[in-house]
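Fair warning: this is a prediction, and the values are worked out from it, not measured in the lab.
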Amino acid sequence: KSTVSRYLVEKGVKVIDADLIAHQVTEPGTPAWKKIKDEFGSSILTEEGAINRDELGKIIFQDQEKRKLLNRITHPYIQREIFMQILTAFIHFEHYVVLDLPLLFEVSKFTNLFHKIIVVNVNEQQQIERLNKRNNYSAEEAQLRISSQMPLSEKCRLADYVIDNDETIEKTKEQVDSILNELNTSKAYLKYRFLLLFLLFNLLLFIYVFINRLSRFVKSFQ
Ligand SMILES: CC(C)(COP(=O)(O)OP(=O)(O)OC[C@H]1O[C@@H](n2cnc3c(N)ncnc32)[C@H](O)[C@@H]1O)[C@@H](O)C(=O)NCCC(=O)NCCS
Ligand SMILES: Nc1ncnc2c1ncn2[C@@H]1O[C@H](COP(=O)(O)OP(=O)(O)OP(=O)(O)O)[C@@H](O)[C@H]1O
């Protein structure tokens, strides 16, 4: 996913990266950081007080309940930030945004809100080898991470587009280009814009009603 997202950014596409947001919302001193520290103890902190991501990863990828606990702590903050970035993109008249979401199918109930879903597919052997090369994970550690998610084959079945990332990055980029060409010609992204207009209208309506009620409340004391 990240390899495809980096290429999309090179092409000028607005990409919202859930992993990056997950790192940001768990910075030292954030509400999520405090909750993680309270629930998992200071043993998962570095000497500087930051989340020791390797240590926490070891815990949660071996223990489903602890992974669910971490998800319950972090996902509300991640989702809120994702929504804010979508709204910002809309206000900046972005035609569309790409959400880089590792757990779209596992945690999101709103897959139908997405105009198109793209899954980056790779065979499991490649996945393990690349994780080993990038993160120095053992085959077992890589397997634990892979098993913590929906099987890629299932995600491919649910996708509108599947990018086959088994071969060279150049071949992957060619597939991205053809999807972008198809997307840029489709008018269906209007669905996204309508939805955000609707959300913006409701937000403005809520603010108007709230101010109205507040002014009447204040007057009642005069
Ligand atoms: C466990 C943590 C500390 C490990 O950090 P680390 O820097 O090693 O990994 P990073 O955050 O870059 O994630 C790398 C990949 O791990 C996988 N992954 C991360 N969190 C999860 C999870 N809760 N469940 C399944 N897979 C996950 C995803 O494929 C992700 O792309 C971190 O992943 C985390 O805080 N996870 C909880 C928040 C989360 O669910 N993030 C996923 C995207 S929203
Ligand atoms: N086609 C490819 N050929 C060779 N290496 C690749 C290819 N695609 C990705 N890689 C490398 O494999 C590693 C994992 O790729 P990437 O970071 O894109 O995966 P990811 O889906 O974002 O993984 P995660 O879910 O763990 O964040 C990276 O080091 C990346 O450079």
hydrophobic_cluster_shared for Ile51 and Leu20, side chain cutoff 4.5 Å: no

Side chains of Ile82 and Leu101 in contact at under 4.5 Å (non-hydrogen atoms): yes

Derivation of the side chain to side chain contact (heavy atoms under 4.5 Å, CB included) call for Thr172 and Thr3: CA-CA 9 Å; Thr172 299; Thr3 301; 5.6 Å; no

Lys155 NZ: over 12 foreign heavy atoms closer than 6.0 Å: yes

Donor-acceptor contact below 3.5 Å, side chain Asp63 vs main chain Ile59: no

Verdict with supporting geometry, Leu180 and Leu8, side chain to side chain contact (heavy atoms under 4.5 Å, CB included): CA-CA 9 Å; Leu180 283 182; Leu8 287 168; 3.9 Å; yes

Pairwise side-chain contact, Tyr161 with Gln175, heavy-atom cut-off 4.5 Å (strictly under): no

Pair Glu48-Thr46, side-chain donor/acceptor within less than 3.5 Å: yes

Electrostatic pair Lys34:Glu39 at N-O distance under 4.0 angstrom: no

Shared hydrophobic cluster for Val119 and Leu103 (ILVMFWY, side-chain gaps under 4.5 Å): no

Same apolar cluster: Val107 and Ile60, side chain cutoff 4.5 Å: no

Heavy-atom donor-acceptor pair, Thr26 side chain to Trp33 backbone, under 3.5 Å: no

Salt-bridge criterion met for Lys171 and Asp164 (N-O under 4.0 Å): no

CD on Glu124 to CD1 on Ile146, rounded to 0.5 Å: 4.5 Å

Path from Ile21 to Phe90 over hydrophobic side-chain contacts below 4.5 Å: yes

Approximate separation, where rounding is to 0.5 Å, of Gln64 CD and Lys68 NZ: 4.0 Å

Smallest separation among heavy atoms of Ala32 and Ile73, with atom names: O-CG2, 3.8 Å

Thr30 and Glu27, any side-chain heavy atoms less than 4.5 Å apart: yes

Distance, nearest 0.5 Å, that separates CD1 of Ile128 from CD of Glu140: 11.0 Å

Heavy-atom pair of closest approach, residues Ile86 and Val97: CG1-CG2, 4.5 Å

Main-chain N/O of Ser5 paired to Asp100 side chain as donor or acceptor, under 3.5 Å: no

Polar side-chain atom of Glu55 near backbone of Ser43 as donor-acceptor pair, under 3.5 Å: no

Nearest-0.5 Å distance that lies between atom CG in Asp17 and atom CZ in Arg6: 9.5 Å

Heavy-atom side-chain proximity of Val120 to Val162 below 4.5 angstrom: no

Closest approach of Ile78 to Ala18 (non-hydrogen atoms, all atoms of both residues): CG2-O, 4.4 Å

Worked verdict on Leu69 versus Phe40 for side chain to side chain contact (heavy atoms under 4.5 Å, CB included): CA-CA 10 Å; Leu69 170 62; Phe40 288 85; 3.9 Å; yes

Pairwise distance CZ(Arg67) to CD(Gln149) - rounded to 0.5 angstrom: 9.0 Å

Minimum side-chain heavy-atom gap Leu158-Ile117 below 4.5 Å: no

Minimum side-chain heavy-atom gap Asn212-Tyr208 below 4.5 Å: yes

Donor-acceptor pair between Arg145 and Ser148 side chains, under 3.5 angstrom: no

Nearest non-hydrogen partners of Asn121 and Cys156, listed with the distance: CG-SG, 3.5 Å

N/O donor-acceptor pair under 3.5 Å between Ser138 side chain and Glu141 backbone: yes

Neighbour count >12 (heavy atoms, 6.0 Å) for atom CD, Glu10: yes

Pair Asn165-Arg130, side chain to side chain contact (heavy atoms under 4.5 Å, CB included): steps then yes or no: CA-CA 12 Å; Asn165 191 30; Arg130 290 176 186 173; 3.2 Å; yes

Sub-4.5 Å side-chain heavy-atom contact between Glu81 and Gln85: yes

Spacing of NZ belonging to Lys133 relative to CD belonging to Gln126, to within rounding of 0.5 Å: 10.0 Å

Check: Tyr137/Gln143 side-chain N/O donor and acceptor closer than 3.5 Å: no

Asp166 side-chain N/O to Asn123 backbone N/O, donor-acceptor pair under 3.5 Å: yes

Same cluster (ILVMFWY, side-chain, under 4.5 Å), Leu152 and Leu99: yes

Polar contact flag, side-chain donor to acceptor under 3.5 angstrom, Lys116-Tyr96: no

Phe221: ring pair (Phe, Tyr, Trp, His ring centres under 6.0 Å) partners, not counting sequence neighbours: Phe217

Closest non-hydrogen atom pair between Ala89 and Lys14, with its separation: CB-CG, 4.3 Å

Side-chain heavy atoms of Ile16 within contact of Val98, under 4.5 Å: no

All side chain to side chain donor-acceptor pair (under 3.5 Å) counterparts of Gln24, not counting sequence neighbours: none

